[in-house]
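All figures in this text were calculated on a predicted structure; none of them were measured in a lab. Protein chains get the first letters and strands the later ones, always in sequence-line order, with residue 1 at the start of each.
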Amino acid sequence: MIKVEGVSKRYARFTAVDNVSFEVEKGQIVGFLGPNGAGKTTTMRMLTCFLPPSEGKASVAGFDVLEQPMEVKKRIGYLPETPPLYPEMEVGEYLQFAGKLKRLSGADLAKRIDEVAQKTNVGDVLKKLIVKLSKGYRQRVGLAQALLHNPEVLILDEPTSGLDPKQILETRQLIKGLAGDHTIILSTHILPEVEQTCERVVIISKGKLVATDTVENLTNRMRGSESIGVEIEGDVAGCREKLEKVDGVKKVVVREDKNGRGYFEIESSEGKNIRADVARAVVQGGFNLTELKAVGMSLEDVFLQLTSTEAKEEKEEAK
Amino acid sequence: MSNILAIAQKEIKSYFVSPIAYALLGIYALICGWFSLIAIANFIEMSQMQQGAADLNGYVIAPVIANAGVLSLFLAPMITMRLFAEEKRMGTIELLITSPITDLEIILGKWLGAMGMYCAMLLIKLLCLSFVFIFGNPDYRPLLTAYLGMFLQGGALLSIGMFVSNTTRNQIVAGTVMFGLSLLMWTFDWATTFKSDGWAKVISYLSLTSHFNSFSRGVLDSKDAIYFISVILLGMFLTARSLESLRWRS
Ligand SMILES: Nc1ncnc2c1ncn2[C@@H]1O[C@H](COP(=O)(O)OP(=O)(O)OP(=O)(O)O)[C@@H](O)[C@H]1O
Ligand SMILES: [Mg+2]
């Protein structure tokens, strides 16, 4: 549904996004994770045709953002980092205006406004001036705007920033409920948010893609376990039995089993370093160990980096 | 089309929910009223000197319109300064640009909105002039020409002002730069006071006032109309280019 291939964005001399590639499948919720200044907003702006990529290709629903921007825009609902609201308008009036920009009109538009107002819980402030809304309501009106034309793809830049814990929960619930019908990318620098809402994660830092992974793998790493990949020559099923008996091994998955060569992915239980034991078990079992490597290794590092920058910021803010 | 109108409507409304519209209309009414007063006084004096009614069109309507044309030069920056600068500062430009509408639709909508505000000012002036029609019996045809002229001149000013507003995110800067440009365009025809051929003629041709003056005298010249329409198109073209380059640069 969304395809990003080797996309870069340069501002004058500064490279904000550097050769990033990832894909999002239809109906998925993907979390776009990275510390401040990582390039999340910039990447989203390129996907929504607000900024053209300096290099590389990006496409949404099969339409290239540079070549067919109109087709892309029709299919995208976008909540920018600061909700694009006109303070002097009433909420209902604003949705009316946004709907017309999205080429809706008449009864159709009225119906859609009703629907999104209900979904995002802004029904009771439709007559209120936007300038008088609290930050949380503004965020919700922004989200309502993004949903108006029922787009296939939703791009949400920090949809929960500035909300209170209850609203955060509600918004996450709402976003989760939208998955399936919609393909969603949401950016955040809060790790638990990704854990709770997203199926997949794309992590960038300093403009570079650091990893893409499923949330499951991610959380495993968070808990301190690790995955290693092992390639052997010999009887694969037999080797698997041996490996499962190694102390600290939680799960063994056979990825490949061909012509007497096997490739396993082994997950350790928490805080155990199993590499040495695994290697020994393979060799002592009479198999040839041809490869042993960590899978997606740098994730842990990224997280250390992420969390440490976050902690630093919080400290600075506290000062 | 409906989204062009939606943008225009939004622009007009945003003038009227802020004090801008009332300040502009108030100043305009005050100054137009003052001009009319002077013109009428002048007319009465002339009538007494000439022992009979002087030409209402020549002594009242033409000077009031001509002065009001200059006034537009000064007020246009206040109409246009916020057009794009404010959208950029508030980030709402992201909504406009990422919506499935073309740049041209955005530009036309904005320009029409500004024209709406400007036409409200022209209406005020019509009110100022209406009593001439109530108490006298001037020829209304020159007035129609003059209004066409004011419409075209305003369109040209607003189009250039829209472009200036698109080059910055600061309204004050947009307003000041446009004000400077207005002054320049006004004074270009002073070139001919020193020299009446060659480059002086070219520069004078670029002056908004020289083209407007014939309109205010009730003379319809297609050359002048073409000049204003070209300026309108130029402003829109420049705005479109700068919207595009906004994307490429930042
Ligand atoms: N218009 C611009 N001109 C120059 N540099 C810019 C511009 N916009 C963003 N940048 C730079 O690009 C980098 C990436 O910015 P971006 O806004 O994409 O980060 P982000 O991941 O969204 O961060 P945050 O979590 O703070 O929202 C930053 O270092 C920023 O300073
Ligand atoms: Mg951001």
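- Among B:Gly109, B:Ser2, B:Ser99, the residue with the largest count of heavy-atom pairs under 4.5 Å with chain A is B:Ser99.
- Heavy-atom proximity under 4.5 angstrom to chain A picks out B:Gln9, B:Lys10, B:Lys13, B:Ser14, B:Val17 from residues 8-29 of chain B.
- A:Glu25 CD: 12 or fewer foreign heavy atoms inside a 6.0 Å radius.
- Under a cut-off of 6.0 angstrom, the local environment of CZ in B:Phe74 is crowded, with over 12 non-hydrogen atoms contributed by other residues, nucleotides or ligands.
- Proximity to chain A involves both the backbone and the side chain of B:Ile7, based on heavy atoms less than 4.5 angstrom apart.
- Residues B:Thr102 and A:Met70 share a closest heavy-atom pair of CG2-CE, 3.6 Å.
- Looking at A:Ser105, there are no atoms closer than 4.5 Å to chain B (heavy atoms on both sides), in backbone or side chain.
- For A:Arg75, no part sits under 4.5 Å from any heavy atom of chain B, backbone or side chain.
- One finds the CD1 atom of B:Ile97 at 12.0 Å from the CG atom of A:Leu101 (value rounded to the nearest 0.5 Å).
- For a residue to count as touching a neighbouring chain, one of its non-hydrogen atoms must lie under 4.5 Å from one of that chain's; by this rule A:Glu93 touches chain B with the side chain only.
- Closest approach of A:Pro84 to B:Gly91, counting heavy atoms only: CB-O, 3.9 Å.
- From A:Lys73, atom NZ reaches atom OG1 of B:Thr98 across 7.5 Å, with rounding to the nearest 0.5 Å.
- Around atom NZ of A:Lys111, no more than 12 heavy atoms belonging to other residues, nucleotides or ligands sit under 6.0 Å away.
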How far apart are the C-alpha atoms of B:Glu94 and A:Arg45, what are their side-chain angles, what is the distance that settles it, and do they pass the side-chain contact (heavy atoms from CB on, under 4.5 Å) test? CA-CA 9 Å; B:Glu94 281 195 74; A:Arg45 284 180 165 171; 2.9 Å; yes
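- Looking at every heavy atom in both residues, A:Arg103 comes nearest to B:Ile101 through NH2-CA, 4.1 Å.
- Listed here is the closest heavy atom pair of B:Pro100 and A:Lys74: CB-CG, 3.7 Å.
- There is no contact between A:Ile76 and chain B, counting heavy-atom distances below 4.5 Å.
- Within 6.0 Å of CD on A:Gln118 lie no more than 12 heavy atoms contributed by other residues, nucleotides or ligands.
- Proximity to chain B is limited to the side chain of A:Gln145, based on heavy atoms less than 4.5 angstrom apart.
- Using a 4.5 Å cut-off between heavy atoms, A:Tyr94 contacts chain B through its side chain alone, with no backbone atom that close.
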